[in-house]
Amino acid sequence: MSEGSVYLTKEDVRRKAEEAKNIRFGDYPSGISYLSGKGGIGHLLEEKHFGYRANSRPEPDFKEAGVELKVTPYRVGPNATYTSKERLVLNIIDYMKEAKATFETSSFWTKNKRLMILFYEHRDQVPIADWFISFTLLYEFPEVDLIIIRDDWRRIIETIRAGKAHELTESATLYLGACTKAAKATNTRPQPYSPIPAKPRAYCLKQPFMTYLLRNRVLKIEDEEKIVKNAGELQESTFESYMYSRIAPYIGWTQERLIAEFLTAEAGSRPVGSIQLPKNINEILIARIFGLKGRVSKTAEFMKAGIIPKTIQLEPDGQHVRESMSFPVFHFIDLVDEEWESSGLKEMFDTTRFFFIVFRKQEVGTPTLEGAFFWNMPASDLGQVREVWKKTKSIAINGVEFSEVGGRQRNNLPKASENRVSHVRPHGRDGDDTDTLPDGSTITKQCFWLNNTYIAALIAEWKDTKE
DNA sequence: GCATGATCATGC
DNA sequence: GCATGATCATGC
């Protein structure tokens, strides 16, 4: 085989990639034999379409053209919603070597600065032999993305340099992640500044970023509001410190003052206090601080990084939090078939960064803005969530026990009092909003919550680091 | 109509 | 007053 050398320019690669469109995978010579097992479709395209042998060399697949080939699945959901099915896994991180690199000499940048991405639709009810490439994208990171990716890379490398490669997590960064690579927990590799063995990890473009590429760069169907209007604004700071600097002028302001500043024009001449405030007033105010018409969660940056904004209200003492934090409803039928390692809950906390917006209630008058911070769940706390998840699964399998107390249903799902971090509680419209248990009976819809006491502890920690 | 974020309400 | 069950409000 020619090791890719017939493709001398990126245009050669792009042209050949175009030819892959609409060819059924099963129609390639001996194509079927590639289609079982992970990475099979990628290998099929490399060998049977582009005509070179799969490899894991440090240079890009098409060395002369400086292009790395990637093949990746997406799903089409209800209302023609296109979503990347997975993160895009790039090269494995050699902790020993990478710790000595600069961004420009890093294995990530050496191999992946230019990507030829082939997208195929993952269709559940259709044999893989009938799937095919539908879109192609020759992707070179634009400066607005690169400025965040450089910072993501720096965070990953600083974690390794601090002797904490074993604490790496995909949720600590925004677009470029360090995702786990091994199937078994026993598979580890050495790190340079600590004797503790670390899980093997690879660089990846996180799943929300891939969804963004699909929707905005390939299909060109979305154009979200941006928080950062031009990349130059991030020249002197990271995205996160930029966010703080935008909020800083309003810290200490009351809700009332913020409403007067940002919402009076919208509300007309109605005086503040005469109308019922929306439940998401704090999120609306933060959005206006950033000059947004829509929601913070719908901005380009939050969509691309999959950051989830959450507002928190502190009690007037500045220490307690009354309410626990809810997450989307889970379905018991799905839960009992999941394993923790591949569960939706673990995946979310493993990959998601949160943006906590903190207000503090006042003894008199409206709450004040205390500040905001980014957070991701540390591995040790995720271990606690695992215990709650396992107990929930076990109860679901063995049968939820119900009793009735004063017209209110009681159950034996994990309570806030049983675990430091998390519990399970109802989350529906009302008592008639139900889910089905494995035995066919019904239960009010439930979700995992983070305990109010855990949230309060996170806030205390944040306040400590501020000072 | 429903999912989701957020908050209310009751019993102990 | 806290823990847990129940429900509201927004926005898609």
Side-chain angles (χ1 to χ4, degrees), chain A residues 77-83 215 221-222 224-225 255 263 266-267 275-288 292-299 302-303 306-317 319-332 334 344-345 348 352 354-361 366-367 372 375 388 391-392 395 400-436 442-457:
Chain A
N79 305 321
T81 324
Y82 286 72
T83 317
R215 292 183 189 172
I221 51 175
E222 291 205 2
E224 298 95 350
E225 273 193 287
Q255 233 178 32
L263 299 182
E266 292 177 30
I275 49 166
Q276 175 85 36
L277 289 174
K279 276 189 169 180
N280 61 344
I281 181 65
N282 290 341
E283 195 214 331
I284 293 172
L285 290 171
I286 290 292
R288 296 303 182 276
L292 301 167
K293 294 189 188 73
R295 318 177 66 167
V296 176
S297 62
K298 298 291 179 190
T299 58
F302 275 59
M303 294 291 286
I307 303 165
I308 298 181
K310 293 268 189 188
T311 58
I312 299 165
Q313 298 230 64
L314 280 170
E315 293 301 294
D317 66 8
Q319 293 181 21
H320 291 87
V321 177
R322 182 180 145 78
E323 303 298 344
S324 296
M325 184 178 281
S326 67
F327 289 89
V329 162
F330 66 80
H331 297 284
F332 284 90
D334 301 335
L345 190 67
M348 180 191 66
T352 305
F354 292 85
F355 183 55
F356 289 153
I357 301 147
V358 185
F359 279 77
R360 177 174 174 175
K361 294 182 202 167
T366 57
W375 175 82
V388 176
K391 187 167 179 195
T392 305
I395 291 171
V400 179
E401 291 170 21
F402 292 104
S403 57
E404 197 154 311
V405 179
R408 291 159 80 92
Q409 213 176 43
R410 303 261 319 172
N411 64 51
N412 62 334
L413 291 164
K415 312 274 174 259
S417 48
E418 298 172 33
N419 185 281
R420 179 173 61 83
V421 178
S422 175
H423 66 279
V424 173
R425 244 180 48 224
H427 189 191
R429 276 187 307 284
D430 53 40
D432 297 327
D433 199 11
T434 57
D435 189 40
T436 307
T442 56
I443 183 171
T444 49
K445 282 184 183 167
Q446 308 276 324
C447 79
F448 289 92
W449 298 68
L450 290 182
N451 299 353
N452 58 337
T453 48
Y454 179 67
I455 302 292

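Below, chains carry the letters A, B, ... as their sequence lines are ordered, and counting in each starts from 1.
Between A:Trp375 and A:Phe354, the two ring planes are tilted [angle within 30° to 60°]. Ring pair A:Phe302/A:Phe355 is perpendicular by interplanar angle, where above 60° counts as perpendicular and below 30° as parallel.
Distance CG (A:Asp435) to C1' (B:dT4): 15 Å, rounded to an integer number of Å. Atoms CG (A:Leu314) and P (B:dA6) sit 14 Å apart, rounded to a whole Å. Taking atom CZ of A:Phe327 as the reference point, atom P of B:dG5 lies 8 Å away to the nearest angstrom. Protein atom CG of A:Asn452 is 14 Å distant from nucleotide atom C1' of C:dG5, rounded to whole Å. One can place CG of A:Asn419 at 12 Å from P of C:dT4, the figure rounded to the nearest angstrom. Rounded to whole Å, atom P of B:dT4 lies 9 Å from atom NZ of A:Lys445. Atom CZ of A:Phe402 and atom P of C:dG5 are 10 Å apart (whole Å). For the pair A:Asn282 CG and B:dA6 C1', the computed distance is 10 Å after rounding to whole Å.
In terms of position along DNA chain C, the nucleotide closest to A:Arg322 lies nearer the 5' end than the nucleotide closest to the other residue of the pair A:Arg322 and A:Trp449.
Regarding contacts with the backbone of C:dC2, every side-chain N or O of A:Ser417 stays at 4.0 angstrom or more from both OP1 and OP2. OP1 and OP2 of C:dG11 both lie 4.0 Å or more from every side-chain N or O belonging to A:Lys298.
Residue A:Gln409 places its side chain closer to C:dA6 than to any other of B:dG5, C:dA6, C:dG11. For A:Arg429, whose side chain is taken as the heavy atoms from C-beta onward, the closest listed nucleotide among C:dA9, B:dC8, C:dA6 is C:dA9. Checked against B:dG5, C:dT10, C:dT4, the side chain of A:Lys415 finds its nearest nucleotide in C:dT4. With C:dA6, C:dT7, B:dT7 as the candidates, the nucleotide lying closest to the side chain of A:Thr444 is C:dA6. When distances run from any side-chain atom of A:Pro426 to the nucleotides B:dT4, B:dT7, C:dA6, the shortest one goes to C:dA6. Here the side chain of A:Glu323 is nearest to one of B:dA9, B:dT7, C:dC12, namely B:dT7. Out of B:dT7, B:dA9, C:dT4, the shortest distance to the side chain of A:Gln313 is found at B:dT7. Taking the side chain of A:Arg410 as heavy atoms from C-beta on, and the options C:dG5, B:dA6, C:dG11, the nearest nucleotide is C:dG5. Distances were taken from every side-chain heavy atom of A:Arg425 (C-beta onward) to each of C:dG11, B:dT7, B:dA6; the shortest belongs to B:dT7.
Residues A:Thr392 and A:Phe448 come closest through the heavy atom pair OG1-CE2, 3.7 Å.
A:His423 comes within 4.0 angstrom of nothing in the nucleic acid, heavy atoms only. As judged by a 4.0 angstrom heavy-atom cut-off over every strand, A:Thr311 is placed among residues touching the sugar-phosphate backbone only.
Between the side chain of A:Asn451 and the backbone N or O of A:Asn419, at least one donor-acceptor pair lies under 3.5 Å. A donor-acceptor contact shorter than 3.5 Å links the side chain of A:Arg215 to the backbone of A:Tyr82.
Checked by atom type, the side-chain pair A:His423/A:Arg425 shows a donor-acceptor distance below 3.5 Å.
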